[in-house]
K.L.:
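Following this message is one structure expressed as C-alpha cells.
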Number of protein chains: 2
Amino acid sequence: MARQTPPARRPTLEMVAAEAGVTRSTVSRALNGEPDVSQTTIAHVRVVAARMGYVPNRAAKSLASARSMAIALVIPEPGVLALADPHLVAVMAGVSRRIEQSDYLLNLMVAGDSENQKIMRYLTSGVVDGVLVASQHSRHDALLHLHDLVPVVFSGRPTEETDPPNYFIDVDNAGAAGVAVSHLLGLGRRRIATITGPEDMAAAGDRTAGWRAALASAGLPADLVAVGDWTALGGAAAMRTLLDEHPDIDGVFAANDVMAAAAVSVLLDAGRRVPEDVAVVGFDDSSAALSARVPLTTMSQPSERSGELMADLLLRILAGEQVPISTVVESHLVRRESA
Amino acid sequence: MARQTPPARRPTLEMVAAEAGVTRSTVSRALNGEPDVSQTTIAHVRVVAARMGYVPNRAAKSLASARSMAIALVIPEPGVLALADPHLVAVMAGVSRRIEQSDYLLNLMVAGDSENQKIMRYLTSGVVDGVLVASQHSRHDALLHLHDLVPVVFSGRPTEETDPPNYFIDVDNAGAAGVAVSHLLGLGRRRIATITGPEDMAAAGDRTAGWRAALASAGLPADLVAVGDWTALGGAAAMRTLLDEHPDIDGVFAANDVMAAAAVSVLLDAGRRVPEDVAVVGFDDSSAALSARVPLTTMSQPSERSGELMADLLLRILAGEQVPISTVVESHLVRRESA
DNA sequence: TTGTAGGCGTTATCAC
DNA sequence: GTGATAACGCCTACAA
C-alpha cells in the first residue's frame, strides 16, 4: 500500500571514468561529442555510460558551462485556463515544434501574478538561457525588464516601450482592424461596434485604434465600444450591453474569435440574423472561428508560424546573431458566413 | 533596428558578502531565513542584496543542496494540441494551483515521443525533484520506470504494472462506465454502443470493460464498439461507422465528452433526435459537455480536484511521508438533456 | 589524443 | 552568531 522512494544514487562522471579506465575529462569530451577524441574511446565510454545508466547532472553542467540549454515559454495569464484560447495554443505549438528541433529544451510556465516573484527569480536564476513570452492578453510588468538579465522575445508588442527595447513579433493590429472594418463598410454597414480587450493591452488598443480610424475615414462616429476580456463570457456580456444600448447595430468587429463567437451566439439568441441583420468579423482565424454557430469571417493571423518565428529569433539571439527588434507577420481577411 | 544583448554579469553571493561586510555563509543563512542569525544582520544583508539585484544561481544551489525545488508536469501527448482536451486542462489547473501554494516551482513539458529522450534525460538530471504525469490518452513507455530515479505520480492508472508500482490517482473507470450504461438501460435502450479510446490505454480499456459488463448483466450482447482517439474528429468518425453498420442503435456511451459531443453532432446531422432516437452519455463532465449541441448527460469526474490531489501526493512524498499507491476519486452521473 | 587542475556559485560542517 | 573550508558534478584551459 505504500513504499519508500529508493535512495537511488545516480552515477557521476567520476564513476563512469573509473569504470571506463579513463579520466573525467575524457568521459566528458566523449559524451559531448567533442573533436579530438579517438573513435575507440568514444565508443567505449558510451557503452560504459549507457550500461551504468549515467545521466549528466544538469545543475552541475549549467554551473560549469554557464549555459542551461533550456528555454522558458512564459504564459503571463492568471491561470492555466488561459489555455482555452486557441490562438495561444497555436503559438505554443509553433514554439514547441521549433524548439524541439534544436538542442534546447522547452519549459512552459504559467505566471499568475500572485507568484510572479517565484517565476521571475526562476527566469533570472540561470536555469534558462532565454525566455519567450506569449500573450497579449495581460500586462507584462516585470517581464518588460527581464531582458537585461536574459534574452527575451515577446509574441505581441509589449505593453510598454523600454530602453533598450524588447524583441517582439506581432501582426499589424491597427491595419488588420482597418481591413476588417472596411469589409463591414463594404457590406453597407453603418453602425459598426467593436468588442475589444482591456485598453491597456497593446493588441486591444491597436485594434480599437484601427477600428476607429476606419470609421473616421468613412465619416462615421466611433461611438460603439464595449470592453471584453478575450473570453467567451466577456464577449457575450459585451455584446449584450451593446445590443441593449444600441439596438440599431448592424456590424461588429471583435478583437478575437472567441469573443466574436460568443457575440454571434448572443445575437442569434436575441433574434438577430447573422449576417443579415448584424455582420460579425473576428480576429485570429483560430479554431474558434470554425466552431462558432455561424462560421466566422475573421482576420487571419499565422499564430503557429508566429510561434516558430519567435523561437527562431531567440535561438538566433542565443547563437550570437544580430536580429531585428520587431518582426511583423501578415494578416488577411478570411471570408466565411458571418460577414 | 538591432542591438547587442548586454553581458549582464549578475552579482554572486560572494559579491553581496563583500558589499555587506560579512562572509558568504552569513549571506546565505540570512537570505535563506535560517535560525541563529541576528536580526540586524538579516536586515542589512537583505537590503544590500536587494540593492544589488542579487538573484541566487539556481544551478549552484541545486548542486550544493541536492534539491531543485522544482516539479515537472509532463503531458505525454504528441503535441501541444492535446491541450484542446478540457479534462486535461482542468487537471493542469488543479496541479498548478496546489504547487503555487508550495515552495516548489511548476514546470510544464509536452513530451511528443520524438523527443522523449530529451525530456527523460531532463527529468532524471536532477533539475526537478519530482514528476507529475497527466494523461491517460497515450502510452507511458519510459515514464513507467522513471520512478526509480525520481518520485513520480500519475493521473490515471499507468498503462502497465511495474515493480515497484507507480503512484497514481484515478476514478473507478469500469464502475463509472457501468453506471452510465445502467442509466441508458433504465431509459429502455437496448442497442447501446460505445465509442472508446485505443484499447491499450487504461482508461479506455476499463471503461469499455464496464460497458461490456453492464450489458452482459442485462443479458444483452456487447457488439457495438467503435474505437476513437479521444478527439472530436475521431469521435465523429466512430459515430458515423456505428451508424452505418448498425442503424438500430438507440444508445451511445462515449469514453469522453469531446467524442460524445462529436457523436451528438453526427447523429443530429443524420436526422436522429437526441435523446429521443439515440440517447448519449459522455465522460468527464468537462466544458465540452456544456458546449455540445445537446447538453450532455455525463459521468462527472473531479478533474481539477484530481490535479490538486496528485500534486499533494507528490509534495507529501517529497516531504518524506508514506502515501498510498493508489487514490480513487469519486464519479457520478450528471443528467442533462442528451440521455 | 588524454590527463591535470582549477573553478562555476551555493550549501553545509566544522570551529571560533 | 559568524567565519573558514570542503564538497556538489561537471567543464575547460593548459600541459603532457
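Note that the structure is predicted; figures quoted are calculated from it, not measured. All chains are named by letter (A, B, ...) in the order of the sequence lines, taking the proteins before the strands, and each is independently numbered beginning at 1. Values below: all heavy atoms of this structure, side chains included; hydrogens, waters and symmetry mates excluded.
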K.L.:
I need the CG-P distance between A:Leu13 and D:dG9, as an integer number of Å.
P.N.:
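In whole Å, D:dG9 P lies 10 Å from A:Leu13 CG.
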K.L.:
So does B:Thr23 get a side-chain nitrogen or oxygen closer than 4.0 Å to the phosphate oxygens (OP1/OP2) of D:dT2?
P.N.:
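For B:Thr23, the contact criterion (side-chain N or O under 4.0 Å from OP1 or OP2 of D:dT2) is not met.
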K.L.:
Between the base of D:dG9 and the side chain of A:Arg10, is there a donor-acceptor distance below 3.5 Å?
P.N.:
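Answer no: no donor N or O sits under 3.5 Å from an acceptor.
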K.L.:
Do NZ/NE/NH1/NH2 and the carboxylate oxygens of A:Glu34 and A:Arg29 come within less than 4.0 Å?
P.N.:
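The answer is no: the pair does not qualify as a salt bridge.
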K.L.:
Does A:Glu19 pair with A:Arg51 as a salt bridge, N-O distance under 4.0 Å?
P.N.:
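Looking at A:Glu19 and A:Arg51, the cut-off is met.
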K.L.:
Rounded to the nearest Å, what distance is computed from the CG atom of residue A:Asp36 to the P atom of nucleotide C:dT2?
P.N.:
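The answer, rounded to whole Å, is 10 Å.
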K.L.:
Could you tell me the separation between the CZ atom of A:Arg24 and the P atom of D:dT12, rounded to a whole number of Å?
P.N.:
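About 14 Å, once rounded to whole Å.
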K.L.:
Nearest whole Å is fine: how far is D:dC10 C1' from B:Asn57 CG?
P.N.:
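B:Asn57 atom CG is separated from D:dC10 atom C1' by 14 Å.
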K.L.:
Taking only N and O in the side chain of B:Thr41, is any of them less than 4.0 Å away from OP1 or OP2 of D:dT2?
P.N.:
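So the side chain of B:Thr41 is within the cut-off, an N or O lying under 4.0 Å from OP1 or OP2 of D:dT2.
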K.L.:
Take atom CZ of A:Arg67 and atom P of C:dG9, then tell me their distance rounded to the nearest Å.
P.N.:
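Spelled out: CZ on A:Arg67 to P on C:dG9 is 16 Å.
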K.L.:
OP1 or OP2 of D:dC11 sitting under 4.0 Å from any side-chain N/O of A:Ser28?
P.N.:
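Checking A:Ser28 against D:dC11: at least one side-chain N or O falls below 4.0 Å of OP1 or OP2.
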K.L.:
For C:dT1, does OP1 or OP2 lie under 4.0 Å from any side-chain N or O of A:Ser38?
P.N.:
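Answer is no, no contact under 4.0 Å.
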K.L.:
B:Thr26 near the nucleic acid: base, sugar-phosphate alone, or nothing, with a heavy-atom cut-off under 4.0 Å?
P.N.:
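Since only primed, P, OP1 and OP2 atoms lie under 4.0 Å of B:Thr26, the category is sugar-phosphate.
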K.L.:
Taking OP1 and OP2 of C:dT11, is either one under 4.0 Å from a side-chain nitrogen or oxygen of B:Asn32?
P.N.:
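Yes, B:Asn32 has a side-chain N/O under 4.0 Å of OP1/OP2 on C:dT11.
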K.L.:
Taking N and O atoms by type only, does the side chain of B:Arg29 place a donor or acceptor under 3.5 Å from a partner on the base of D:dG3?
P.N.:
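Between D:dG3 and B:Arg29, which were checked side chain against base, a qualifying N/O pair under 3.5 Å is present.
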K.L.:
B:Lys61 side chain N/O closer than 4.0 Å to the phosphate oxygens (OP1, OP2) of C:dG9?
P.N.:
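Answer is no, no contact under 4.0 Å.
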K.L.:
Atom OH of A:Tyr54 and atom P of D:dG9: how far apart are they, to the nearest Å?
P.N.:
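Checked: the OH to P distance equals 10 Å.
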K.L.:
Given atom CG of A:Leu31 and atom C1' of C:dT2, what is their separation to the nearest angstrom?
P.N.:
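To the nearest whole Å, that distance equals 16 Å.
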K.L.:
Could you state the CG-C1' distance from B:Leu63 to D:dC10, rounded to the nearest angstrom?
P.N.:
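Answer to the nearest Å: 8 Å.
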K.L.:
Ignoring hydrogens, what is the shortest heavy-atom contact between B:Val133 and B:Met310? Give both atom names and the distance.
P.N.:
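Here B:Val133 and B:Met310 meet closest at O-CE, 3.4 Å.
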